[in-house]
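Chain letters run A, B, ... following the sequence lines, proteins first, then strands; residues in each count from 1. If you're wondering where the values come from, they're calculated on a predicted model, not measured in any experiment. Side-chain atoms are counted along with the backbone in the values below, which use heavy atoms only and exclude waters and symmetry mates.
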Number of protein chains: 2
Amino acid sequence: MFRLSKRVEYGLMALQHLARRSGVATAREIADASNIPYDLLAKVMQSLKRDGIIDSYQGVKGGYALMLTPEAIPLKRVIEALEEDVALTDCNANGAQGCDRFDTCTIREPLGGLQQKMAETFSGMTIAQLL
Amino acid sequence: MFRLSKRVEYGLMALQHLARRSGVATAREIADASNIPYDLLAKVMQSLKRDGIIDSYQGVKGGYALMLTPEAIPLKRVIEALEEDVALTDCNANGAQGCDRFDTCTIREPLGGLQQKMAETFSGMTIAQLL
DNA sequence: ACTAAATAGGATTCTTTTAGTCCTATATTT
DNA sequence: AAATATAGGACTAAAAGAATCCTATTTAGT
Ligand code: SF4
Ligand code: SF4
């Protein structure tokens, strides 16, 4: 329980790699360096690109590069770029539609506070702290 | 991602219920009150009992009651009583056996720190804060 | 002694999520 | 034109999570 998904782990490794080399790196290069499945990493990179955390260059000599300084990339952003529905509870993620018990639930509000604290923790750590 | 398991949600509801009534309550009563599947709750209660958070009484007029004051039951304990392998990463949960990349992994240590912060968050909130 | 109501716990099944793979299209450099 | 990259859809496999079923044991009350 509470595991970071592989997508997120791979994403962090990739961002760390990019931050260290501060230049362009290909998905293949990163996959080889970190021993992660290329196909999966490719998807992860695409998601990070869509979010605007990294930029991409196609074709030969292409690859990926950071769009921001490592200090400006909190883990929270990385996680949310790679996973939808990041939340402690269904209600927290999708409101009343997320859970039948929404109206009667007696633990919903306190858990909302907890979620808040979690978010702060993940906002407080950045890629810079992985270097 | 990051969802509390149903076991944990149900466990928290049950503990809240017991804390509010400060006496004995049956699994059936709690299940009905909170709209949760009885069979599943029954397992959850057994786990909480094994951990020593609650006590149980068998037979007619039996049920469950808190062994501790609500203030003395941090969420961390509840979660760990109900789930094994609570950790952000496989390595964090099972050490080197948990992951092939253990030796070469470059994000392991920083994530360890993050896990630490998470643990503090969950230690800092107790059942008393659900009342 | 018997019955009813409760916990204890094993085993199994169903569902959902996560991880991984495969294939094709498009862009760009040489 | 060929080689090397990203882009992205579709699919499959594996694992985790949730729920259910069934049987045994304990205990209060009659
Ligand atoms: S409303 Fe209550 S039961 Fe439903 S998801 Fe939120 S916390 Fe869980
Ligand atoms: S060693 Fe690295 S890859 Fe393996 S589980 Fe830990 S963080 Fe993830």
Side-chain angles (χ1 to χ4, degrees), chain A residues 1-11 13-14 18 23-32 34-51 53-65 79 82-87 89-90 93-94 98-101, chain B residues 1-11 13-14 18 23-32 34-51 53-65 79 82-87 89-90 93-94 98-101:
Chain A
M1 203 197 175
F2 277 136
R3 282 292 189 302
L4 249 33
S5 68
K6 289 303 175 192
R7 277 177 65 85
V8 170
E9 277 200 8
Y10 297 162
M13 289 176 190
L18 291 177
V24 175
T26 69
R28 180 120 267 145
E29 173 191 332
I30 298 170
D32 290 348
S34 298
N35 250 282
I36 60 192
Y38 167 78
D39 290 294
L40 195 38
L41 178 65
K43 297 288 166 60
V44 168
M45 299 311 274
Q46 286 169 27
S47 297
L48 293 174
K49 156 71 188 306
R50 265 185 234 112
D51 190 83
I53 296 175
I54 60 178
D55 201 356
S56 69
Y57 306 94
Q58 284 192 320
V60 181
K61 289 279 173 185
Y64 299 93
I79 292 171
L82 297 177
E83 299 284 336
E84 39 190 332
D85 258 32
V86 181
T89 62
D90 291 332
N94 307 314
C99 182
D100 295 339
R101 279 183 282 266
Chain B
M1 201 195 178
F2 277 136
R3 282 293 189 304
L4 248 34
S5 69
K6 289 300 174 193
R7 277 176 64 87
V8 170
E9 277 200 8
Y10 298 162
M13 289 176 190
L18 291 177
V24 175
T26 68
R28 180 121 266 147
E29 174 191 331
I30 297 171
D32 290 348
S34 299
N35 250 283
I36 60 192
Y38 167 77
D39 290 294
L40 194 39
L41 178 65
K43 297 286 165 61
V44 168
M45 300 309 275
Q46 285 168 27
S47 297
L48 292 174
K49 158 69 188 305
R50 265 185 234 112
D51 189 84
I53 297 175
I54 61 178
D55 201 356
S56 70
Y57 305 94
Q58 284 192 318
V60 183
K61 289 280 172 185
Y64 300 92
I79 292 172
L82 297 176
E83 299 285 335
E84 41 190 329
D85 256 31
V86 181
T89 61
D90 292 332
N94 306 315
C99 181
D100 294 339
R101 280 183 282 268

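By the 4.5 Å heavy-atom criterion applied to side chains, B:Leu41 and B:Arg28 are not counted as neighbours. Looking at heavy atoms from C-beta onward, B:Met45 lies in side-chain contact with B:Ile30 at the 4.5 angstrom threshold. Side chains of B:Lys61 and B:Val24 form no contact here, defined as non-hydrogen atoms less than 4.5 Å apart.
Taking 4.0 angstrom as the limit, B:Tyr38 places none of its side-chain polar atoms (N or O) nearer than this to OP1 or OP2 of D:dA18. Residue A:Tyr57 places no side-chain N or O under 4.0 Å from the OP1 or OP2 atom of C:dT26. Within the structure, a side-chain polar atom (N or O) of A:Ser56 is placed less than 4.0 Å from OP1 or OP2 of D:dA7.
Listed candidates were C:dG9, C:dA6, C:dC22. Nearest to the side chain of B:Gln46 is C:dG9. In this structure, of C:dT21, D:dG8, D:dT6, it is C:dT21 that holds the atom nearest to the side chain of A:Pro37.
With sequence neighbours excluded, no residue forms a salt bridge (charged side-chain N to carboxylate O under 4.0 Å, His left out) with B:Asp32. In this view, A:Leu40 and A:Tyr10, A:Pro37 satisfy the side chain to side chain contact (heavy atoms under 4.5 Å, CB included) rule, not counting sequence neighbours. Checked against salt bridge (charged side-chain N to carboxylate O under 4.0 Å, His left out), A:Asp51 has the following partners two or more places apart in sequence or in another chain: A:Arg77. With sequence neighbours left out, A:Val60 forms a side chain to side chain contact (heavy atoms under 4.5 Å, CB included) with no residue at all. Checked against side chain to side chain contact (heavy atoms under 4.5 Å, CB included), A:Ser56 has the following partners two or more places apart in sequence or in another chain: A:Lys49, A:Tyr64. With sequence neighbours left out, B:Lys6 forms a salt bridge (charged side-chain N to carboxylate O under 4.0 Å, His left out) with A:Asp90, B:Glu9. Here A:Asp85 pairs with B:Arg3 under the side chain to side chain donor-acceptor pair (under 3.5 Å) rule; sequence neighbours left out.
Minimum interatomic distance between B:Ile79 and A:Met1 (heavy atoms only, all atoms of both residues): CG2-SD, 4.3 Å. The shortest non-hydrogen separation linking B:Ala65 to B:Gly23 is CB-O, 3.5 Å.
Applying the side-chain hydrogen bond (donor to acceptor under 3.5 Å, both in side chains) test to pairs two or more places apart or on separate chains, those with a residue in residues 38-47 of chain B are B:Arg7-B:Ser47.
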- prompt: Using a cut-off of 4.0 Å between protein heavy atoms and nucleotide atoms, how would you tag nucleotides 10-15 of chain C 5' to 3' with B, S and -?
  reply: BB----
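Rounded to whole Å, the distance from CD1 on B:Ile30 to C1' on C:dT7 is 12 Å. The separation between A:Asp39 atom CG and C:dT24 atom P is 14 Å, rounded to whole Å. For the pair B:Asp85 CG and D:dA15 P, the interatomic distance rounds to 14 Å; values are reported in whole Å. Taking atom NZ of residue B:Lys49 and atom C1' of nucleotide C:dT7, one finds them 9 Å apart after rounding to whole Å. A straight line from CZ of A:Arg28 to P of D:dA3 spans 16 Å, rounded to a whole angstrom. Separating the OH atom of A:Tyr64 from the C1' atom of C:dA27 is a distance of 12 Å, rounded to the nearest angstrom.
Summary of helix geometry: the two end axes of the helix from C:dA1-D:dT30 to C:dT30-D:dA1, each defined by five base pairs via their C1' atoms, are inclined to each other by 10° (rounded to 10°).
When heavy atoms are screened at a 4.0 angstrom cut-off, B:Ala27 is found touching the sugar-phosphate backbone but no base atom.
In this structure, A:Asp100 places its CG atom where only 12 or fewer heavy-atom neighbours from other residues, nucleotides or ligands lie under 6.0 Å away.
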Can you tabulate the close N/O pairs, meaning under 3.5 Å, that link protein atoms to atoms of nucleotides 17-19 of chain C?
{"unit_1": "C:dA19", "atom_1": "OP1", "unit_2": "A:Lys6", "atom_2": "N", "d": "2.8"}
{"unit_1": "C:dA19", "atom_1": "OP2", "unit_2": "A:Lys6", "atom_2": "N", "d": "3.3"}

Short N/O separations, protein against nucleotides 28-30 of chain D, under 3.5 angstrom:
none

